[in-house]
Amino acid sequence: MKIQTALISVSDKTGVVDFARALHSRGVRLLSTGGTAKQLAEAGLPVTEVAAHTGSPEILDGRVKTLHPKIHGGLLARRDDPKHLQTLEQHDIDRIDLLVVNLYPFRETVAKLDCSFEDAIENIDIGGPAMLRAAAKNHGTTGGGVTVVIDPIDYSRVLTEMDQNQGKTSFGLRLSLAAKVYAHTSAYDGAIAAYLSSLSQAEPIQNEAPERQTWPRTLTLQLHREETLRYGENPQQVAAFYRDPSVAAGLLGNFQQLQGKELSYNNIADADAAWDCVRSFDQPACVIVKHANPCGVAVANDVYGAYQKALRTDTTSAFGGIIAFNRPIDAATAEAVSAQFVEVLLAPGFEGAALAVLQHKKNVRVLEVPMGHHQNDIDVKRVGGGWLIQTPDSQLLDEKALRVVTKRQPTDEQMSDLMFAWRVAKFVKSNAIVFAGQGMTLGVGAGQMSRIDSARIAAIKAANGGLDLKGSAVASDAFFPFRDGLDVVIDAGANCVIQPGGSMRDDEVIAAANERDVVMVMTGLRHFRH
């Protein structure tokens, strides 16, 4: 059926006047409530207040205004059911063919630190979700259905279809918009449940922000499927990439793919590891990742120099790896990268000449990701029958909190190398050992069951790359449980070590460092990464 009557009641008034004007010009009757009705009337549009339409005034300070048979009957009546249509006529109820509603800003309200319990409760929308759910339920029948819009971005889609279909919308559009509504109301109710279940059970104090727990008893996660992937970690697994409803600045989810084959599950996972590491540096930096571990990291005066240094750490592992930069890529760097096999290349920008170079490597997936320093709100890991939820490992190391625990004090150069190695170790799978010097990794040992094996592997990697570890710095993501791991890195050439400390044998390890006449610095901060 042709859209004849629209009910518009929005808290987000972006574009609503223009949309209503466009509907009016197409012969659609306008119903509205409160502030929206006032805004439309001030714009010179003929609009009927819902109270006048229903014959019932708003009551209870506006808590009840649309909960009425003339509203819900007009939304829920099946257009292909003669009995329904007869009932509408019997009770003098007009069809409502288009519903435009978005909800009270509950999430935005409770996000304020000073939000009182009363403010939170008053921003729980009741009539809005009821109308949305009714309209979405009745989106599709053989005789037509209700078109329901919650997002201003969809206004143009509705108008386009009305123009193409003599004032009607297609089933496909109505289905898409109905699905969007139920996702929205689900997330809205989830936010309310999370807020209420995070509150202390004590009686709330009027006009004061209530005490809230870190983790609510009920947690609802909602994600939007961005793309279906070819397969998961292995070909026998199916996979998809889901994006957060709102992606904070700097996170990988903001990527735009400029060229290359479609992304795989492993491409995205490894790209995230590389991007997370490279954006932690202030200087021009390059990070090369293989199987979620940095195999080469370096900083330099420019990205070309950073790439050359990062590649030296482990040219074998870099083959088929993920390469990330924290500065835009120029043509010279693109030429250098193109000389090797790379799966994914990430940067905050690409010069035109660089893209021209990369076009000759059509399979290389080129991702542009805007820079930023935001972190995910939570980290999630699936376990059998449950979920592990934690805050991200985003605490920055305060250099003033470092403790030099050995007789030998670090030089400025050693401290610079130690801080670089520590920054990299945060992104290496545990147990992690990182050798570094002069702004580059020299050897990386990752993911071993014992720290001493990680230390040995890191030294082997350096030897395989022809890199001299004499005078290098070493970072360990967690404490040395025994002196044997420390002896391995010192024997390999390290003269300074940074580690969290906290072992029962710290004194033994410190004594070993003094015995070997090396510097040891303790952070008091651990970076396990499983």
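For His224, the NE2 atom is densely surrounded, since the number of other residues' heavy atoms within 6.0 Å is greater than 12. By the 6.0 Å contact criterion, CD on Glu89 is open, its count of non-hydrogen atoms from other residues, nucleotides or ligands being 12 or less. No more than 12 heavy atoms of other residues, nucleotides or ligands sit less than 6.0 Å from atom CD of Gln86. Residue-environment remark: CZ (Arg382) exceeds the threshold of 12 foreign heavy atoms within 6.0 Å. For Asp377, the CG atom sits in a loose shell: 12 or fewer heavy atoms of surrounding residues, nucleotides or ligands are nearer than 6.0 Å. Counting non-hydrogen atoms of other residues, nucleotides and ligands closer than 6.0 Å to CG of Leu396 gives a total of 12 or fewer. Enclosure of atom CZ in Phe241 by more than 12 non-hydrogen atoms of other residues, nucleotides or ligands within 6.0 angstrom is indicated. Within a 6.0 Å radius of CZ in Arg63, no more than 12 heavy atoms belonging to other residues, nucleotides or ligands are found.
Taking CG from Leu159 and CE from Met162, the interatomic distance works out to 6.5 Å, rounded to the nearest 0.5 Å. Taking CG of Leu252 as the reference point, atom CG of Asn376 lies at 10.0 Å (rounded to 0.5 Å). Annotation: the span from Leu525 atom CG to Gln395 atom CD amounts to 5.0 Å, rounded to 0.5 Å. Note that the CG atom of Leu251 and the CG atom of Asp276 stand 8.0 Å from one another [nearest 0.5 Å]. Atom CD1 of Ile93 is separated from atom NE2 of His84 by 11.5 Å, given to the nearest 0.5 angstrom. Atom OG1 of Thr160 and atom OH of Tyr155 lie 14.5 Å apart (nearest 0.5 Å).
In this structure, Leu346 and Ile323 have side chains that are not in contact, with every pair of non-hydrogen atoms separated by 4.5 Å or more. Between Arg95 and Leu88 the shortest side-chain heavy-atom distance falls below 4.5 Å. Counting only heavy atoms from C-beta outward, the side chains of Gln259 and Gln359 approach each other to under 4.5 Å. Counting only heavy atoms from C-beta outward, the side chains of Tyr104 and Glu122 never approach each other to under 4.5 Å. With contacts defined as side-chain heavy-atom distances shorter than 4.5 Å, the pair Ile378/Thr391 does not qualify. Using a 4.5 Å cut-off on side-chain heavy atoms (C-beta onward), Leu99 and Leu132 make contact. A heavy-atom distance below 4.5 Å is found between the side chains of Leu45 and Arg21. By the 4.5 Å heavy-atom criterion applied to side chains, Asp97 and Arg79 are counted as neighbours.
With Ile8 as the partner, the side chain to side chain contact (heavy atoms under 4.5 Å, CB included) test is satisfied by one option alone out of Thr33, Val149, Val17, Leu23: Leu23. For the pairing with Ser11, the side-chain hydrogen bond (donor to acceptor under 3.5 Å, both in side chains) check across Asn123, Asn102, Asp125 returns one residue only, Asn102. A side-chain hydrogen bond (donor to acceptor under 3.5 Å, both in side chains) with Ser56 holds for exactly one of Lys70, His68, Lys65; it is His68. Each of Val100, Leu75, Val148, Leu31 was evaluated against Leu7; a single residue qualifies, Leu31, per the side chain to side chain contact (heavy atoms under 4.5 Å, CB included) test.
In the model, Ser394 has no side-chain atom that pairs as donor or acceptor with a side-chain atom of Gln375 under 3.5 Å. Judged by distance alone, the side chains of Asn267 and Arg365 do bring a donor and an acceptor atom under 3.5 Å apart. No side-chain N or O of Thr36 forms a donor-acceptor pair with one of Ser9 less than 3.5 Å apart.
Across every non-hydrogen atom of His527 and Ser430, the tightest pair is O-OG, 4.0 Å. In this structure, Ala191 and Arg107 approach most closely via the heavy-atom pair CB-CG, 3.4 Å. Heavy-atom minimum distance, Ala347 versus Ile329: CB-CG1, 3.5 Å. Closest of all the heavy-atom pairs between Leu98 and Phe19 is CD2-CZ, 4.2 Å. Annotation for Ala331 and Ala353: closest pair CB-CB, 3.8 Å, computed over non-hydrogen atoms. Here the closest heavy-atom approach between residue Asp379 and residue Pro392 is recorded as OD2-CA, 3.5 Å.
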Checklist entry - Step by step, would you call Lys137 with Leu76 a side-chain contact (heavy atoms from CB on, under 4.5 Å)? => result CA-CA 8 Å; Lys137 174 177 180 174; Leu76 282 167; 4.3 Å; yes

Next on the checklist: Does Asp12 form a side-chain hydrogen bond (donor to acceptor under 3.5 Å, both in side chains) with Thr14? I'd like the steps, not just the answer.
Outcome noted: CA-CA 6 Å; Asp12 178 1; Thr14 303; 2.6 Å; yes

Next on the checklist: Run the salt bridge (Lys or Arg N to Asp or Glu O under 4.0 Å) test on Arg29 and Asp94 for me, step by step, so that the C-alpha distance in whole Å, both residues' side-chain angles and the decisive distance to 0.1 Å come before the verdict.
Outcome noted: CA-CA 11 Å; Arg29 177 191 177 205; Asp94 293 334; 3.0 Å; yes

Next on the checklist: As a quick check of understanding, evaluate side-chain contact (heavy atoms from CB on, under 4.5 Å) for Leu219 and Leu221, giving each step before the final call.
Outcome noted: CA-CA 7 Å; Leu219 182 64; Leu221 301 178; 4.3 Å; yes

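Remark: aromatic rings of Phe171 and His139 are close, center separation under 6.0 Å. Between Tyr182 and His184, the gap from one ring centroid to the other reaches at least 6.0 Å. In this structure, Phe106 has its ring center closer than 6.0 angstrom to the ring center of Tyr195.
Side-chain atoms of Ser198 do not come within 3.5 Å of backbone N or O of Pro216 as any donor-acceptor pair. Between the side chain of Gln256 and the backbone N or O of Val369 there is no donor-acceptor pair closer than 3.5 Å. Although no hydrogens or angles enter the test, the distance criterion places no donor-acceptor pair under 3.5 Å between the side chain of Asp154 and the main chain of Leu177. Side-chain N or O atoms of Asn165 include one that pairs as donor or acceptor with a backbone N or O of Glu161 at under 3.5 Å. At least one donor-acceptor pair closer than 3.5 Å links the side chain of Arg217 to the backbone N or O of Ser197. With hydrogens and angles ignored, the 3.5 Å screen pairs no side-chain donor or acceptor of Glu42 with any backbone N or O of Gln39. One N or O on the side chain of Asn293 and one on the backbone of Lys429 form a donor-acceptor pair closer than 3.5 Å. For the pair Asp270 (side chain) and Ala292 (backbone), a donor-acceptor distance under 3.5 Å is present.
Under the ring-ring contact (aromatic ring centres under 6.0 Å, His included) criterion, Phe117 pairs with no residue, sequence neighbours left out. Shown here are the salt bridge (Lys or Arg N to Asp or Glu O under 4.0 Å) partners of Arg423, two or more places apart in sequence or in another chain: there are none.
Using a 4.0 Å cut-off between charged side-chain N and carboxylate O, Asp151 and Lys180 make a salt bridge. Salt-bridge check for Asp114 with Lys112: failed, with every basic side-chain N at 4.0 Å or more from each acidic carboxylate O. Taking a cutoff of 4.0 Å between a charged side-chain nitrogen and a carboxylate oxygen, Arg78 and Asp80 qualify as a salt bridge. Between Arg26 and Asp163, at least one side-chain N (NZ, or NE/NH1/NH2) sits under 4.0 Å from a carboxylate O, which counts as a salt bridge.
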